[in-house]
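Everything below concerns the one structure shown next.
Note that these values count all heavy atoms, side chains included, but never hydrogens, waters or copies made by symmetry. As the structure lists them, so they are numbered: ligands from 1, and atoms in each ligand from 1. Position 1 is the first residue of the sequence; numbering continues from there.
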Amino acid sequence: MRMYDIIMKKRNGGELSREEIRFFIERYTLGEIPEYQASALMMAVYFQKMTQRETFELTMAMAESGDMLDLSGIAGVKVDKHSTGGVGDKTSLALAPLVAACGIPVAKMSGRGLGHTGGTIDKLESFPGFTTSLTTKQFIENVNRVGIAIMGQTADLAPADKKLYALRDVTATVDNLSLIASSIMSKKLAAGADAIVLDVKTGSGAFMKSEEDAFALAREMVRIGRSAGRNTIAVVSDMNQPLGRTVGNALEVREAVETLRGEGPEDFQELVLTLGVQMLLAGGIAKEEKEARDNLEKAIADGAALRKMAEFIEAQGGDPGAVYDTEKLPAAKLVRPIPAPRSGYVKQIACDEVGICSMMLGGGRETKEDEIDLSVGFELRKKVGDRVEKGEPLAILHANDQAKAEEAEKRFVRAYLIGEEEPEPPILIKGVI
Ligand code: URA
């Protein structure tokens, strides 16, 4: 078999066989296929697309390119959750302890921020002392003892995807449905859970800008998961504006804590409950939606979810006191309102722009080596549909550097579109597949 023939077959619109896909993935992971041939194949896939069978074979080949985590040492149905990435998306921070408090064993591998979207691992590091560098043995022990553990993705998890994703990122071949679906699902399958609940984001802050594309991606990932024998469910949710009211690592942790106290913003709480219901159903903890929702609401009301979060933070070296007193989380020096430039209704918020503004303050990485400033970000006081008067705060800015604050504030104001007419309220949950 020759890589040249595989590239030409795809370039001419042919369907690659299992053997051809495996040949490419295995040799590319070993460094035997050069980057320029892999780039050519990715571009051919981008234009000619992949069939469902090819997409499945690519996913399995990438999943099996490294370690497949064995979670059989943990009793119960392990349910994983994954978001395709968004702005202000702190869902896992609240959802993981919440479902763990309801009896779902949570063994989760998470990533760091990517581009303008944040990552769970970075956010969790807002808890002083917290670490996600666990060995697989510690990870499994923690889940058995505490009911929940979150660790960073190991280098041996789907290494083919790691290499290919970095290549796609610099060759304009990220936004292809088959390539995104196989990239995400290869990592989820290798991470070993029995069931997977996906939160597929759509809108200006998401990879999938249109609802149609988001639904197609959701359907493709559900198909892959089920073909691989894992119960897979996808929720398609809105990312046309930041989720909840905070953007920035420690600010988002604070909001997740408030949500577990029952004091979170309505949209964020609704998404957490919607995903939580699917996780409890998939894990066999509840038989129907109402029962699942009641369980989740009870765990919030009686403090079990908050206690579980404190236990989890402590088990991974963090200060559990910060769960009960969020003043202990990193705080910025400059905290000031961003006034609205005019009166009217908030019609749109360019969500990706808000993510970029947070990065400009130091809340995200421009390069892989950058250190993150955990304390910076925004508290949104106005969201889509809200009435605002000129001079009223659109948001509260948290920064540590005057020059960066000024630059980010200017860009933040431009992300808001304020008009005369009251817009239709946005729909948060677009559908469940
Ligand atoms: N997230 C991933 O892990 N892979 C993609 O291709 C896109 C988003």
**Study point:** Ligand-residue contact atoms, ligand 1 with Phe207, heavy atoms, under 4.0 Å
**Key:** 8 (C)

Check your understanding: Within a reach of under 6.0 Å around CD1 of Ile429, are more than 12 heavy atoms found that belong to other residues, nucleotides or ligands?
Key -> yes

For residues 30-42, tabulate all N or O donor-acceptor pairs below 3.5 Å that involve a side-chain atom, not counting sequence neighbours.
from, atom 1, to, atom 2, distance (Å)
Glu35, OE1, Tyr28, OH, 2.8
Ser39, OG, Glu35, O, 2.6

Exercise for review: On the 0 to 90° scale, with breaks at 30° and 60°, tag the Phe378-Phe412 ring pair as parallel, tilted or perpendicular.
Suggested key: parallel

Review point. Can you tell me if Val174 has a non-hydrogen atom under 4.0 Å from ligand 1?
Key: no

Review point. Under 4.0 Å from any heavy atom of Arg168, which atoms of ligand 1 are there?
Key: 6 (O)

Check your understanding: Should Ile184 be listed as contacting ligand 1, given a heavy-atom distance under 4.0 Å as the test?
Key -> yes

Review point. Under 4.0 Å from any heavy atom of Ser183, which atoms of ligand 1 are there?
Key: 2 (C), 3 (O), 4 (N), 5 (C), 6 (O)

Review point. Is there a nitrogen or oxygen of Tyr165 sitting under 3.5 Å from a nitrogen or oxygen of ligand 1?
Key: no

Check your understanding: Are side-chain N/O atoms of Thr202 and Asp213 paired as donor and acceptor at under 3.5 Å?
Key -> no

Review point. Taking atom CD of Glu288 as the centre, does the number of heavy atoms from other residues, nucleotides or ligands within less than 6.0 Å exceed 12?
Key: yes

